[in-house]
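Atoms considered below: every heavy atom in the structure, side chains included; atoms not considered: hydrogens, waters and symmetry mates.
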Amino acid sequence: MAAEAGRAPEPPDGGWGWVVLFGAFVSIGFAYAFPKGLAIFFKEIQDFFGTSYSEIAWVSSIMLATTYGAGPISSILVNRYGSRPVVMFGGLLCGVGMISAAFCTSILQLYICVGFITGFGLALNLQPSVIIVGKYFLKRRPIANGLAMAGSPVMLCTLAPLNQFLFDNFGWRGSFLILGAILLNCCVAGALFRPIGPGTAPVKTQVNEEGKDALKGKITEDGPMEKKIEEEEEKDCFEKVNQYLDFSLFKHRGFLIYLIGNVLMFLGFFAPIVFLAPYAKHTGIDEYSAAFLLSILAIVDMVARPATGIIANSRWVRPRIQYFFSFAIAFNGACHLLCPLASSYTGLIVYSSFFGLAFGMVCAMLFETLMDLVGAARFTSAVGLVTIAECCTILLGPPIGGILIDTFGDYKYMFIKCGAVMVLAGTFLFIMNYYNYRMLAKEEKERKTKEEDLKSLRTENEGKKNWNKDSTEDGPELEPLRENGEGVKKEMNGTNEV
């Protein structure tokens with residue numbers, strides 16, 4: 001009974017899982033789309049505070065970096081308290097951050113309110129939502145992840161024109177107040193995240209406490225035990241940290257390949273979206289048409305994510321999903337390299353369409369490929385470790401793009417930089433995943449060979465045991481025959497004895 005109580009419940013692949021999927025759709029949508037939707041206000045905030053492109057880009061960069069960098073904290077809180085309270089608290093932080101931002105009087109205050117407070121709230125929405133979808137779905141997991149990730153383009157498609165409407169009627173300060181109230185809906189989404197099964201943490205705590213009491217009881221009997229107890233407590237401390245964040249993943253070949261490729265990819269992943277609307281305005285396109293480019297990108301993205309999930313779930317693609325992910329990243333980079341050729345509004349519409357397709361493909365497989373590599377049991381720790389590593393390049397990506405724009409006075413160098421980085425990341429992942437698949441096949445072959453050798457050895461040993469058993473059961477009347485047989489064997493082996 002104890003083993004059954006400690007065993008993780010099986011994913012239902014349906015039922016209440018569809019309600020959980022809707023909540024994840026909303027939470028993930030706000031977490032990914034909100035930083036991009038704020039780009040509508042950047043031009044006006046830049047003029048209001050008199051800042052440069054790179055300075056205003058730090059708002060989105062800090063927000064995105066905090067969302068990703070707080071991943072380990074979010075993972076620890078989910079392991080300790082579960083997804084529901086963490087998401088609800090995150091929604092509250094998002095609302096407080098945006099409402100506070102409406103009263104900011106400097107760009108530094110915006111960095112704190114929008115960047116850190118709202119970004120941390122979005123982090124508490126993103127990680128738990130991704131984790132709980134993996135707990136509710138197994139067979140349909142790629143499709144479920146694709147549908148959950150589709151929340152981002154749906155929200156972006158809605159937020160882009162809504163933000164422009166709010167700005168025209170209420171200004172950026174009034175818009176931030178209203179957006180803060182809208183973000184409180186994350187609390188409602190989090191309330192839908194019903195735990196899938198009973199937790200096992202209290203049992204482990206009880207066992208640890210009993211062990212500590214037993215050790216303390218021995219102190220009065222044996223003096224040298226004090227040193228051992230200190231060592232045990234240090235070990236317990238490390239085990240507690242490792243319980244929430246599995247650092248042994250850094251010995252996992254597939255995880256390291258994924259981590260390096262994604263860290264490189266995020267250097268050019270978000271900057272094109274942040275600067276798409278300002279770039280359109282820079283070329284002389286009006287505000288609503290510039291905002292509509294984000295809506296086009298979001299509409300295509302909306303279709304691309306579930307479609308990619310269906311393709312990734314097929315029997316032809318799922319065994320080699322890492323190749324599909326590598327192609328999506330390289331395709332994304334190719335779109336950015338060709339963007340400078342789009343000099344008219346029609347060209348920007350075409351670019352936004354292809355960008356939306358490539359962006360949706362990458363986002364739909366972003367976490368599915370990680371779970372494919374490390375498995376569901378270690379996924380929570382893997383997400384936390386990956387996001388904190390990615391936050392550095394996420395933080396630097398848009399400001400580097402802004403510096404290129406300030407230096408050359410042209411947006412094309414920013415798009416070329418982002419495209420080149422992503423093509424490089426896609427190529428790296430493709431080559432290294434090919435190597436990883438080859439090594440896994442080789443290791444599997446060696447494992448099967450060892451198993452066959454052990455099996456044959458076991459069979460041979462069992463045969464010898466059975467022969468010896470039969471010999472002892474024959475009785476004394478067959479002893480002369482056995483002696484004659486042994487004599488014949490010795491003569492055949494050339495060891496004739498007198």
S.K.: Between Leu264 and Thr393, is there a side-chain heavy-atom distance shorter than 4.5 Å?
M.R.: no

S.K.: Shortest non-hydrogen contact from Gly356 to Ala304?
M.R.: O-CB, 4.3 Å

S.K.: Taking the side chain as every heavy atom from C-beta outward, state whether Ile405 and Asp410 have any pair of such atoms under 4.5 Å apart.
M.R.: no

S.K.: Are Arg438 and Glu443 within salt-bridge range, i.e. N to O under 4.0 Å?
M.R.: no

S.K.: Step through the shown structure and confirm whether more than 12 heavy atoms of other residues, nucleotides or ligands are within 6.0 Å of CZ on Phe428.
M.R.: yes

S.K.: Which distance, rounded to the nearest 0.5 Å, do you find between the CD1 of Ile311 and the CE of Met361?
M.R.: 7.0 Å

S.K.: Between CE of Met265 and CG of Asn262, what distance do you get to the nearest 0.5 Å?
M.R.: 4.5 Å

S.K.: Please examine the side chains of Arg194 and Tyr136, heavy atoms only from C-beta on, and report whether any two atoms are closer than 4.5 Å.
M.R.: yes

S.K.: Determine yes or no for a side-chain-to-main-chain donor-acceptor pair under 3.5 angstrom, with Arg305 supplying the side chain and Ala364 the backbone.
M.R.: no

S.K.: Relative to the ring of Phe359, is the ring of Phe355 parallel (under 30°), tilted (30 to 60°) or perpendicular (over 60°)?
M.R.: perpendicular

S.K.: Which residues satisfy the ring pair (Phe, Tyr, Trp, His ring centres under 6.0 Å) test with Phe415, sequence neighbours excluded?
M.R.: Tyr279, Tyr351

S.K.: Determine, stepwise, if the pair Ile403 / Met414 fulfils side chain to side chain contact (heavy atoms under 4.5 Å, CB included).
M.R.: CA-CA 9 Å; Ile403 290 170; Met414 184 273 299; over 6 Å; no

S.K.: May I have the step-by-step check of ring-ring contact (aromatic ring centres under 6.0 Å, His included) for Phe120 and Phe116, ending in yes or no?
M.R.: CA-CA 6 Å; Phe120 185 62; Phe116 289 110; over 10 Å; no

S.K.: Using 0.5 Å steps for rounding, measure from the OG atom of Ser326 to the CZ atom of Arg320.
M.R.: 12.5 Å

S.K.: Let me confirm one number: the CG-CG distance from Leu259 to Leu370, rounded to the nearest 0.5 Å.
M.R.: 9.5 Å

S.K.: Please report the closest heavy-atom contact between Pro128 and Ser83, naming both atoms and the distance.
M.R.: O-OG, 3.4 Å

S.K.: Can you list the steps and then say if Ile117 with Ser100 is a side chain to side chain contact (heavy atoms under 4.5 Å, CB included)?
M.R.: CA-CA 9 Å; Ile117 298 176; Ser100 302; 5.5 Å; no

S.K.: Ala24 and Val133: which non-hydrogen atoms are nearest, and at how many Å?
M.R.: CB-CG2, 3.6 Å

S.K.: Would you please indicate yes or no on a ring centroid separation below 6.0 angstrom for Tyr258 and Phe255?
M.R.: no

S.K.: Over all heavy atoms of both residues, which pair between Ile329 and Ala425 is shortest? Give the atoms and the distance, please.
M.R.: CG2-CB, 4.2 Å

S.K.: Only pairs at least two apart or in different chains count here, so list each side chain to side chain donor-acceptor pair (under 3.5 Å) that has a residue in residues 417-431.
M.R.: none

S.K.: Look at the aromatic rings of Phe430 and Tyr323 and report parallel, tilted or perpendicular, splitting at 30° and 60°.
M.R.: tilted

S.K.: Within the side chain of Ser61, is there an N or O that forms a donor-acceptor pair under 3.5 Å with the backbone of Leu396?
M.R.: no

S.K.: Tell me every residue that passes ring pair (Phe, Tyr, Trp, His ring centres under 6.0 Å) with Tyr413, counting only those two or more places apart in sequence or in another chain.
M.R.: Phe408

S.K.: Are any non-hydrogen side-chain atoms of Phe331 and Leu357 less than 4.5 angstrom apart?
M.R.: yes

S.K.: Are side-chain heavy atoms of Thr118 and Leu183 found at a separation under 4.5 Å?
M.R.: yes

S.K.: So, the side chain of Asn433 versus the backbone of Leu429: is there a donor-acceptor pair under 3.5 Å, distance only?
M.R.: yes

S.K.: Would you compute the distance between atom CG of Leu159 and atom CG of Leu294 and round it to the nearest 0.5 angstrom?
M.R.: 10.5 Å

S.K.: Looking only at non-hydrogen atoms, find the nearest pair between Pro272 and Gly268 and report the distance.
M.R.: CD-O, 3.5 Å

S.K.: Which atom names give the shortest non-hydrogen contact between Gly91 and Asn125, and what distance separates them?
M.R.: N-ND2, 3.5 Å

S.K.: For atom OH of Tyr411, is the number of surrounding heavy atoms from other residues, nucleotides or ligands below 6.0 Å larger than 12?
M.R.: yes

S.K.: Quick one: do Phe25 and Leu147 satisfy side chain to side chain contact (heavy atoms under 4.5 Å, CB included)? Show the steps, please.
M.R.: CA-CA 7 Å; Phe25 177 90; Leu147 290 171; 5.9 Å; no

S.K.: For Leu338 and Phe354, run side chain to side chain contact (heavy atoms under 4.5 Å, CB included): C-alpha distance rounded to whole Å, both residues' side-chain angles, the deciding distance at 0.1 Å, then the answer.
M.R.: CA-CA 11 Å; Leu338 296 173; Phe354 279 98; over 6 Å; no

S.K.: Determine the interplanar angle of the Phe327 and Phe324 rings, folded into 0 to 90°, and report it as parallel if under 30°, tilted if 30 to 60°, perpendicular if over 60°.
M.R.: parallel

S.K.: Taking atom SG of Cys418 and atom CG of Leu267, what is their separation to the nearest 0.5 Å?
M.R.: 7.5 Å

S.K.: Do Phe34 and Met98 come within less than 4.5 Å of each other through their side chains, counting heavy atoms only?
M.R.: yes

S.K.: Do Met63 and Leu122 have side chains that approach each other closer than 4.5 Å (heavy atoms only, starting at C-beta)?
M.R.: yes

S.K.: Are Arg447 and Glu444 close enough for a salt bridge, meaning some N to O gap below 4.0 Å?
M.R.: yes

S.K.: Examine distances only and state if a side-chain atom of Ser74 and a backbone atom of Ala70 form a donor-acceptor pair shorter than 3.5 Å.
M.R.: no

S.K.: Using the side chain to side chain contact (heavy atoms under 4.5 Å, CB included) definition, which of the options Leu192, Ile132, Val87, Leu124 pairs with Ser27?
M.R.: Val87

S.K.: Check whether any side-chain heavy atom of Cys392 lies under 4.5 Å from a side-chain heavy atom of Val263, and answer yes or no.
M.R.: no

